[in-house]
Amino acid sequence: MIRKFFVLLFVIASCSPKAPDPIFPIPSERQLAWHKMEYYGFVHFNMNTFSDMEWGMGDEDPSSFNPTDLDTRQWAKVAREAGMKGLIITAKHHDGFCLWPSEYTEHSVKNSPWKNGQGDLIKELAESCKAEGIGFGIYYSPWDRNHAGYGTETYISYMKNQLTELLSNYGEVFEVWFDGANGGTGYYGGANEDRKVDKRSYYEWENVYKLVRELQPNAVIFGDAGPDVRWVGNEHGYAYETTWSNLLRDSVYAGMPEYAEMYSNGQENGSHWVPAEADVSIRPGWYFHAYEDHKVKSLPQLLDIYYKSIGQNSALLINFPVDRRGLIHEKDIEQIMKLSTKITEDFENDLIHNAKLVASNERGKGYEVENVLENEWESYWATEDEVVQSSIEITYPQKFRFNRFLIQEFIALGQRVKSFSLEIRTDEGWQEIYQGTTIGAKRILRLDDHFTEKIRLNILDAKASPAISKIGVFDAPKLLVQPIIHRDREGKVHMEIPESGVDIYYTLDGTIPSKSNGEQYVAPFTMKEAGRITAISIDQNSDDSSEAMVQNFDIAKSNWRVINDDPNSINIVDGDPNTIWTNPKNEVIIDLGELIHIIGFEYLPPQARYFSGLIFKYQFSGSMDGKSWKDLSIGEFSNIKNNPITQQIHFKKTQIRYIKLTSLETWDGKPSQYAEIGVLTVED
Ligand code: FUL
């Protein structure tokens, strides 16, 4: 019986071909486990949250750290519900303040009023992540602007001691994140000086990595140079059309100035497997600033990030700047959940299952093309050795529509594909719809709608015979977001939407447009008078529509003249919120070109991330002749720093030709800046 079994086993083994040889480098077990996580969150929360800074100096008083409603369970719950597989917390940022009561410093939560110094935020978050079933990760800034010994050997021992605390006392850690930014001015225990370190040698990285391996053998280590996971080279959350997981790791060190430009794509001939992780904040800043409450990323922006990171062979790490209460802000939750709903919707129905697959070459038993239907981490389609150029034909019983194509390589054997193309069958024959380079762990093509009965994936070039573990075909519903409406100085109205296959319809009478009662937007049109534009986007296929965008415009500024010699002063009446003017004086006069009845004015402060000169106290006057002035309003734009949106001030109807806005005080004492100034002639 036993003999028969072995004979059978021998027969089976002899007809199954052997697996393709791996092409080195290949991922380690811990990297493979990390690849499966794909999407996880960052939390930037500590002293900077309370000092309203991005990079604290290190001299902040621990007594400032005082969240009122801290709830790490809320963070973990939001992350899980958003589809994230873990959370990484800034245990210590560049300012050196520690979120756990470290034995080695007084600069920590133990000297803060939070929980009377008895709290341990790292412990709370580790427990919350466990309770929500997601991974827990640690960000630790090597640069420390608080520590007196920074720059000397003492600090290296301190860093190792702290890492030992963090990696021994809080359970399993999935990723240890070492920031590349380091060395510069700081408090340094009162020295207040500039300290530079040799980024290659100072931190004794090899010893630090050894320590992490000993304490957390399953954790991946992130850094510019890995060793396990590398920075994608920008903070916008985008990987690249060509993204290799292979990296010439020995040529890179953390914080190297030329890293982004030279190494962040990875290299085809890279010596080590060091895949990319794309990090990005859901707001402009990594830390919470109330003045960015209106700048939380929109769904189109987040979706773009998703497709350009996860869809381009990278993991995605989205940051929540937790607020001073100690909670993820409602607006951030709203946006991240919109992304999660949209992603679920886009990939809900894998149409590959309706198709019949035929490969141009098959390695044999166990490597059949049907393996690409599911189980992306276990089985795969492979060709015979030496057969690189190959294709898979995907045939449907009838014409159907698709706009997403997903491909995954079986990366346990290394990243192999160098270029590929996608074709569809038309009445005229095969038509190429995409040419791509790398695939890697996951590649998602975001395409226009295509109708066909046959799709063909061609592997054009590879480092060795391809091994493809998954193919997916999807018909993602259109992204139906409100159109963006913009009007320039001449009164030309432009509208935009992020997706093709979607039309814009609008009305000018305040009613909600539809295909029948609205006008289709095809090209910019002129509207010089005051008016209301209501616009929606409508999916050409399904007729589903977005919510309506309602935008009120007052009279166009085509005849307006800023009475000033500085050519940049035109920027404040050009209708473009992105151009600004800095006025060395504290008043500006505008000639409206004719006598007009106005009932108010508006001021849009600069919209750039780092702005100054926001007018806080103002005086607004009008004149018939530009000589004798009448004060129309005096007051303050109370919340302008926290919420720098358009400020509208109303007053009694007055006829004037000239307006004068005087800045009585800017919030930072700097010369006043303006993005736009306008008048109100009608009630909204
Ligand atoms: C950067 C840091 O300097 C930022 O403050 C932030 O922590 C970001 C994730 O990494 O290098």
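Both ligands and their constituent atoms are indexed starting at 1 by order of listing. The first residue in the sequence is number 1, and the count goes up from there. Side chains included, hydrogens not; waters and symmetry mates left out as well; all remaining heavy atoms used.
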Margin query: Before you tell me yes or no, could you show the steps for Phe45 and Trp75 under ring pair (Phe, Tyr, Trp, His ring centres under 6.0 Å), namely the whole-Å CA-CA distance, both residues' side-chain angles and the distance that decides it to 0.1 Å?
Written below: CA-CA 11 Å; Phe45 178 74; Trp75 311 355; 5.7 Å; yes
Quick one: which ligand 1 atoms are inside 4.0 Å of a heavy atom on [X]?
X      : result
His94  : 2 (C), 3 (O)
Phe42  : 9 (C)
Tyr139 : 7 (O)
Glu235 : 1 (C), 8 (C), 10 (O), 11 (O)
His44  : 6 (C), 7 (O), 9 (C)

Check: What's the spacing between Tyr238 OH and Ser309 OG if we round to 0.5 Å?
Finding: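 Between Tyr238 OH and Ser309 OG, I get 9.5 Å after rounding to 0.5 Å.
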Note to self: Can you tell me if Tyr287 contacts ligand 1 (heavy atom of the residue under 4.0 Å from the ligand)?
What the structure shows: no
Next item on the list: Using atom types as modelled and distance alone, determine if a side-chain donor or acceptor of Gln216 lies under 3.5 Å from a backbone N or O of Glu214.
Entry: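 Not confirmed, Gln216 side chain does not pair with Glu214 backbone.
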Checklist line | Donor-acceptor contact present, side-chain Tyr202 to main-chain Gly151, <3.5 Å | finding: yes
Next item on the list: Go through the side-chain N and O atoms of Asn246 and Gln267 and say whether any donor and acceptor fall under 3.5 Å apart.
Entry: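 No, no side-chain donor-acceptor pair sits under 3.5 Å.
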Item checked: Identity and separation of the nearest protein heavy atom to atom 5 (O) of ligand 1 -> His93 NE2, 2.9 Å
Margin query: Give me the residue, atom name and distance of the protein heavy atom closest to atom 11 (O) of ligand 1.
Written below: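 Going atom by atom, the protein heavy atom closest to atom 11 (O) of ligand 1 ends up being Asp179 OD1, 2.7 Å.
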Check: Taking distance alone, with no angle check, do Glu54 and ligand 1 share an N/O pair under 3.5 Å?
Finding: no
Next item on the list: Using a cut-off of 6.0 Å, state whether more than 12 heavy atoms not belonging to Lys342 lie near its atom NZ.
Entry: yes
Next item on the list: For the pair Asp59 and Arg145, find out whether any cationic side-chain nitrogen is under 4.0 Å from an anionic carboxylate oxygen.
Entry: no
